[in-house]
Amino acid sequence: MAPVAASASASLAATATAPHHALAPPRVSVSVAAAGRNSGLSVSVGVRPVLGISVVNSQRRRMVAAAAATEMAPAARGEGGGKPFVDEMRAVAMRLHTKDQAREGEKEPQAPPVARWEPTVEGYLRFLVDSKLVFQTLEDIVDRAAVPWYAEFRNTGLERSEPLKKDLGWFTEQGHTIPEPSAAGTAYASYLEELSEKDPQAFICHFYNVYFAHTAGGRMIGKKVAEKILNKKELEFYKWEGTLSQLLQNVRTTLNQVASSWSREEKDHCLEETEKSFAYSGDLLRQIFT
């Protein structure tokens with residue numbers, strides 16, 4: 001796994017849209033993005049787009065496709081086979097990073113590094129509760145498999161709802177009150193449910209970014225928060241059974257197999273959803289230090 005950048009940087013997110021949606025005026029949020037050669041992810045502070053109704057901007061679609069294409073080796077761009085789709089997803093995500101986070105980054109840093117964050121237990125609990133809701137929603141969606149190939153993503157070993165349940169139980173034992181999910185958490189869960197029924201390619205973009213972000217950038221943040229407010233306690237949220245690198249590779253392989261049946265338009269549409277996945281995840285993450 002590639003090294004994870006230790007800073008959080010601000011960036012202005014371009015308003016890539018999915019069919020049937022547009023973006024209202026943005027608001028600031030923190031977002032988590034795919035990075036590293038295979039699965040590493042780092043953290044950036046971006047602009048949270050609000051969902052509305054509009055037509056897809058075809059120019060942005062071409063830009064997203066071009067961003068993925070520039071990451072391909074010459075032999076992989078044209079005849080004789082293409083680049084694995086997960087690599088395309090990573091290529092698009094990397095461009096939303098800053099230069100200090102990744103060499104492919106294109107955004108200017110506008111926020112202090114993670115080391116300067118001042119998290120609170122209350123804020124962290126809000127983040128954990130919302131994370132549990134989102135991970136549980138993802139697990140429920142693949143279990144129901146309204147789209148048959150969602151079933152391919154059952155029991156990957158990356159599931160996080162049960163570890164989070166244990167962690168919240170530990171906080172209760174320490175005398176803390178567990179809050180209800182916030183508006184950010186419920187909004188993201190509802191959006192995932194909507195996408196899973198109507199827009200499977202966009203849903204897979206979120207599936208990939210949520211799980212892979214947590215295994216790298218998310219772990220880095222968890223460690224920093226534990227050092228500041230939990231006496232370095234490692235939560236179950238950041239532990240996996242088995243070898244994490246192999247679990248990630250298994251999911252990559254499945255993602256590539258599923259996407260191999262998609263048209264180029266469907267793949268590009270999935271890539272376009274990357275910024276929204278950053279924005280929704282960022283709303284959750286931002287609660288740690290607000």
Side-chain angles (χ1 to χ4, degrees), residues 4 6-10 27-33 41-48 50 111-141 158-193 206-207 209-241 244 276-290:
V4 179
S7 66
S9 303
R27 58 188 176 85
V28 174
S29 70
V30 183
S31 51
V32 181
L41 291 101
S42 46
V43 184
S44 62
V45 179
V47 172
R48 166 73 167 93
V50 180
V114 174
R116 297 183 192 173
W117 290 5
E118 294 300 332
T120 65
V121 173
E122 293 75 15
Y124 195 42
L125 278 172
R126 288 195 297 271
F127 166 72
L128 294 176
V129 167
D130 283 351
S131 295
K132 181 178 181 298
L133 175 60
V134 168
F135 279 105
Q136 185 66 68
T137 300
L138 290 168
E139 292 167 26
D140 290 345
I141 288 169
L158 299 181
E159 292 80 13
R160 296 289 86 198
S161 66
E162 283 301 313
L164 279 163
K165 181 179 179 180
K166 294 177 182 178
D167 288 332
L168 293 173
W170 178 82
F171 277 99
T172 299
E173 292 171 359
Q174 308 309 306
H176 296 286
T177 299
I178 307 303
E180 293 297 316
S182 74
T186 55
Y188 196 12
S190 295
Y191 185 59
L192 290 171
E193 290 281 6
H206 290 263
F207 181 94
N209 279 293
V210 169
Y211 279 110
F212 279 63
H214 178 63
T215 65
R219 284 197 294 167
M220 178 268 291
I221 292 172
K223 181 178 180 181
K224 294 295 183 182
V225 172
E227 289 173 354
K228 285 180 175 288
I229 63 175
L230 298 180
N231 197 27
K232 298 185 177 181
K233 175 180 171 59
E234 184 180 14
L235 298 182
E236 296 299 314
F237 192 25
Y238 306 101
K239 300 176 185 178
W240 288 263
E241 293 185 10
L244 179 57
K276 287 184 183 177
S277 74
F278 285 13
Y280 275 103
S281 293
D283 278 351
L284 274 57
L285 188 63
R286 184 164 52 95
Q287 297 186 90
I288 296 175
F289 58 96
T290 56

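Between K228 and E118 the shortest side-chain heavy-atom distance falls below 4.5 Å. Y280 has its side chain out of reach of N209: every pair of non-hydrogen atoms, C-beta onward, lies at least 4.5 Å apart. Inter-residue side-chain proximity for L128 and F171 is flagged as met; some heavy-atom pair is nearer than 4.5 Å. Contact check for L244 versus R219: side-chain heavy atoms found under the 4.5 Å cut-off. Within the 4.5 Å cutoff, no side-chain heavy atoms of E236 are placed close to those of L164. Side-chain atoms of V121 and L125, non-hydrogen and from C-beta on, do get closer than 4.5 Å to each other.
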Next on the checklist: What verdict does the ring-ring contact (aromatic ring centres under 6.0 Å, His included) test give for Y124 and F289, after you've listed the backbone C-alpha separation in whole Å, the side-chain angles of each residue and the deciding distance to 0.1 Å?
Outcome noted: CA-CA 8 Å; Y124 195 42; F289 58 96; over 10 Å; no

Next on the checklist: Before you tell me yes or no, could you show the steps for H206 and Y191 under side-chain hydrogen bond (donor to acceptor under 3.5 Å, both in side chains), namely the whole-Å CA-CA distance, both residues' side-chain angles and the distance that decides it to 0.1 Å?
Outcome noted: CA-CA 10 Å; H206 290 263; Y191 185 59; 4.6 Å; no

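Rounding to the nearest 0.5 Å places CG of L284 at 11.5 Å from CZ of R126. Between T120 atom OG1 and I288 atom CD1 the span is 9.5 Å, to the nearest 0.5 Å. To the nearest 0.5 Å, atom NZ of residue K224 and atom CD1 of residue I229 are 14.0 Å apart. S161 OG to L138 CG: the interatomic distance, rounded to the nearest 0.5 Å, is 10.0 Å. Here the straight-line distance linking atom CZ of F207 with atom CG of L192 works out to 11.0 Å at 0.5 Å rounding. Put simply, OG1 on T172 and CG on L168 are 7.0 Å apart, with the number rounded to the nearest 0.5 Å.
Between G185 and V134, the shortest heavy-atom distance links the atoms O-CG2, 4.3 Å. Residues W170 and L230 approach most closely at CZ3-CD2, 4.4 Å, considering heavy atoms. Closest heavy-atom contact between L158 and Y211: O-CE2, 3.4 Å.
Looking only at distances, no side-chain donor or acceptor of S281 sits under 3.5 Å from a matching main-chain atom of F278. Between the D167 side chain and the L235 main chain, no donor and acceptor come within less than 3.5 Å of each other. Proximity of a side-chain donor or acceptor of E139 to a complementary backbone N or O of R160 within less than 3.5 Å is detected. Although no hydrogens or angles enter the test, the distance criterion places a donor-acceptor pair under 3.5 Å between the side chain of H214 and the main chain of F237. A donor-acceptor pair is defined here as one N or O able to donate and one able to accept, closer than 3.5 Å; no such pair exists between the side chain of D130 and the backbone of P181. In this structure, S190 contributes its side chain and A187 its backbone to no donor-acceptor pair below 3.5 Å.
When the shell of 6.0 Å around NZ of K239 is examined, it contains more than 12 heavy atoms from other residues, nucleotides or ligands. By the neighbour-count criterion of 12 heavy atoms within 6.0 Å, atom CD of Q174 is densely surrounded, having more than that number from other residues, nucleotides or ligands. A 6.0 Å sphere centred on NZ of K166 holds no more than 12 heavy atoms belonging to other residues, nucleotides or ligands.
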